[in-house]
Asks: 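Sending over a structure as structure tokens; questions will come in a sec.
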Amino acid sequence: MGAAADTDNDAPPTAPVLAAYSYCEAVTGGQARNFAYGIRLLPTPKRRAMSALYAFSRRVDDIGDGTLAPDVKRTRLEATRQLLDRIRDGAVDEDDTDPVAVALSHAARTFPIPLGGLDELIDGVLMDVRGETYETWDQLKTYCRCVAGAIGRLSLGVFGTEPGAHQAERAPEYADTLGLALQLTNILRDVREDAEGGRVYLPADDLAKFGCTDAFRGPKPPQDADFAGLVHFEVRRARALFVEGYRLLPMLDRRSGACVAAMAGIYRRLLDRIERDPEAVLRGRVSLPGHEKAYVAVRGLSGLDARHIARRTTRRRA
């Protein structure tokens, strides 16, 4: 993955494109608080492109999470895939009535975004529509790669890598792994909400190992279950993914690195809270207060995390 396109010399977006981006930014600001904290650290062209990616992804997720019948969801997801094909083919005009399509089309012309990642996202949401469950971590990892790893690789298309960055060819792999870390954290945080909606994401092997095969629909874990042991096991897995995925940071420019560090830092702190009090995820949604998110964003912008990872990686190569 090379550096993202240099947009400084490009013609400014037209009024219809700017309006489309404004719509996507409004969607992002209103529905993606953690994501929005990160992307506000980006320069304007990258922030707009990330908002377009989010708005399209949000549309896909909303279809999967909605109350429509499964066959209607499948029809709508395939229609969304057809729209993605039009975007990929450059067949969306600036005066199209769909602002998300207009914005994403412009973003894809401006940055080398691997739009196939959005096909993967649709595939992952179709797994949800089918009600798939996962026996092993390897099976769950396939799902996580579709719904989160792909988002990491799409985002890397906007961020680009710094010229001469060591092992930059592995940047998509690290972006994918960081997406897995965020998704596994999400799964832990939402374990009760998902169970109440009839979804179980954690691998059946892990649930059985800790006596947690019963669904988590109340504020207390199943009787005789080692719920804390299950959570701590998954937390360790997520931490290992974060360690590997964070190797992406030194490959990015300062503001892109700050964006990634802010988003990932918020989820790492959520993981810390879940580790300290595993049953909190059964009592309600675990979240961070705004001032703590702001601290994480400032830390990311300072480059502390990127410098720490770079030093650690250098020591390993020595």
Asks: Between L118 and M127, is there a shared hydrophobic cluster once you connect ILVMFWY residues whose side-chain heavy atoms come closer than 4.5 Å?
Replies: yes

Asks: For the pair E135 and D205, evaluate side-chain contact (heavy atoms from CB on, under 4.5 Å) and give the outcome as yes or no after the intermediate values.
Replies: CA-CA 6 Å; E135 292 294 319; D205 285 356; 4.3 Å; yes

Asks: With hydrophobic residues grouped by side-chain heavy-atom distances under 4.5 Å, do V235 and V286 end up in a single group?
Replies: yes

Asks: Using the side-chain contact (heavy atoms from CB on, under 4.5 Å) rule, take Y143 and E132 through it: C-alpha gap first, then chi angles, then the decisive distance, then the call.
Replies: CA-CA 9 Å; Y143 167 78; E132 292 191 17; over 6 Å; no

Asks: So, taking the atom named CG in D89 and the one named CG in L84, what distance separates them when rounded to the nearest 0.5 Å?
Replies: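 One finds 9.5 Å between CG of D89 and CG of L84.
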
Asks: Would you say R192's side chain and V281's backbone share a donor-acceptor pair under 3.5 angstrom?
Replies: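 Checking the backbone N and O of V281 against the side chain of R192, no donor-acceptor pair under 3.5 Å is found.
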
Asks: I need the minimum non-hydrogen distance between M263 and G38, along with the two atoms involved.
Replies: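 Minimum heavy-atom separation between M263 and G38: CG-CA, 3.8 Å.
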
Asks: Could you walk me through whether R268 and D272 pass the salt bridge (charged side-chain N to carboxylate O under 4.0 Å, His left out) check?
Replies: CA-CA 6 Å; R268 285 186 71 179; D272 290 341; over 6 Å; no

Asks: Could you check whether R199 pairs with D65 (Lys NZ or Arg NE/NH1/NH2 to Asp/Glu carboxylate O, under 4.0 Å)?
Replies: yes

Asks: If only atom types and distance count, is the side chain of Y21 paired as donor or acceptor with the main-chain N or O of A107 below 3.5 Å?
Replies: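 Pair found, side chain donor or acceptor close to backbone of A107.
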
Asks: Would you mind reporting whether P203 and Q139 have side-chain heavy atoms less than 4.5 Å apart?
Replies: no

Asks: Does CZ in F233 sit with more than 12 non-hydrogen atoms of other residues, nucleotides or ligands closer than 6.0 Å?
Replies: yes

Asks: Are the side chains of M50 and S155 in contact, using a 4.5 Å heavy-atom criterion?
Replies: yes

Asks: Taking the side chain as every heavy atom from C-beta outward, state whether T44 and R47 have any atom pair closer than 4.5 Å.
Replies: yes

Asks: Got a second to check how far F210's CZ is from L202's CG, nearest 0.5 Å?
Replies: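 Separation between the atoms: 11.0 Å.
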
Asks: When rounded to the nearest 0.5 angstrom, what distance separates NE2 in H166 from CZ in R170?
Replies: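 H166 NE2 to R170 CZ: 9.0 Å, rounded to 0.5 Å.
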
Asks: Considering the options R81, R74, Q82, which one meets the side chain to side chain donor-acceptor pair (under 3.5 Å) requirement together with E78?
Replies: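 For E78, the side chain to side chain donor-acceptor pair (under 3.5 Å) test succeeds with only one of R81, R74, Q82, which is R81.
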
Asks: Distance-only, no hydrogens or angles: does the D253 side chain make a donor-acceptor pair with backbone N or O of S256 under 3.5 Å?
Replies: yes

Asks: Ignoring hydrogens, what is the shortest heavy-atom contact between L271 and A238? Give both atom names and the distance.
Replies: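 Smallest interatomic distance, heavy atoms only, reads CD2-CB, 3.7 Å.
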
Asks: Under the criterion side chain to side chain contact (heavy atoms under 4.5 Å, CB included), which of D61, V27, V100 is the partner of F56?
Replies: V100

Asks: Using 0.5 Å steps for rounding, measure from the CZ atom of R88 to the CZ atom of R86.
Replies: 13.0 Å

Asks: CZ of R269: more than 12 outside heavy atoms within 6.0 angstrom?
Replies: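 Count over threshold, so yes.
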
Asks: Let me have the donor-acceptor pairs involving side chains of residues 176-186, under 3.5 Å, with sequence neighbours excluded, atom names and distances please.
Replies:
from, atom 1, to, atom 2, distance (Å)
D176, OD1, R145, NE, 2.6
D176, OD2, R153, NE, 2.9
D176, OD2, R153, NH2, 3.0
T177, OG1, E173, O, 3.0
T185, OG1, A181, O, 2.9
N186, OD1, R189, NH2, 2.6

Asks: Taking only residues two or more places apart in sequence or in another chain, which ones pass side chain to side chain donor-acceptor pair (under 3.5 Å) with R59?
Replies: D98

Asks: Indicate yes or no: at least one non-hydrogen side-chain atom of E275 is less than 4.5 angstrom from one of R239.
Replies: yes

Asks: Please give me the minimum heavy-atom distance between F159 and C259, naming the atom from each residue.
Replies: CZ-SG, 3.9 Å

Asks: With heavy-atom distances below 4.5 Å as the criterion, would you say the side chains of I187 and E234 are in contact?
Replies: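 Counting from C-beta outward, I187 and E234 never come under 4.5 Å.
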
Asks: Please report the interatomic distance CG(D190) to OH(Y201), rounded to the nearest 0.5 Å.
Replies: 9.0 Å

Asks: Can you list the steps and then say if R76 with K73 is a side-chain contact (heavy atoms from CB on, under 4.5 Å)?
Replies: CA-CA 5 Å; R76 293 202 176 181; K73 289 183 179 183; 5.9 Å; no

Asks: Could you give the distance from SG (C212) to CG (L207), rounded to the nearest 0.5 Å?
Replies: 6.5 Å

Asks: Taking side chain as C-beta onward, heavy atoms only, is R237 less than 4.5 Å from D206?
Replies: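 Counting from C-beta outward, R237 and D206 do come under 4.5 Å.
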
Asks: Can you name the closest pair of heavy atoms from E193 and R285 and give their distance?
Replies: OE1-NH1, 3.4 Å

Asks: Taking L42 as the starting point, is it possible to reach L18 by hopping between hydrophobic residues whose side chains are less than 4.5 Å apart?
Replies: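 Different hydrophobic clusters.
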
Asks: Please step through side-chain contact (heavy atoms from CB on, under 4.5 Å) for the pair V125 and I63, ending with a clear verdict.
Replies: CA-CA 8 Å; V125 173; I63 294 171; 5.6 Å; no

Asks: Can you name the nearest heavy-atom pair linking L288 to I266, along with the distance?
Replies: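 Scanning both residues, the minimum pair turns out to be CD1-O, 3.6 Å.
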
Asks: So, for I39 and S51, which heavy atoms are closest and what is the spacing to 0.1 Å?
Replies: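 Minimum heavy-atom separation between I39 and S51: CD1-OG, 3.5 Å.
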
Asks: Could you check whether any side-chain heavy atom of D194 comes within less than 4.5 Å of a side-chain heavy atom of V200, counting everything from C-beta outward?
Replies: no

Asks: If you count every heavy atom of other residues, nucleotides or ligands that lies below 6.0 Å from K220 atom NZ, does the total exceed 12?
Replies: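 It does not: K220 NZ has 12 such atoms or fewer within range.
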
Asks: Would you indicate whether the side-chain heavy atoms of Q167 and R247 approach each other to under 4.5 Å?
Replies: yes

Asks: According to a hydrophobic-cluster definition based on side-chain heavy atoms being under 4.5 Å apart (Ile, Leu, Val, Met, Phe, Trp, Tyr only), do L83 and Y23 belong together?
Replies: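 As far as the 4.5 Å side-chain criterion goes, Y23 and L83 are connected within one cluster.
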
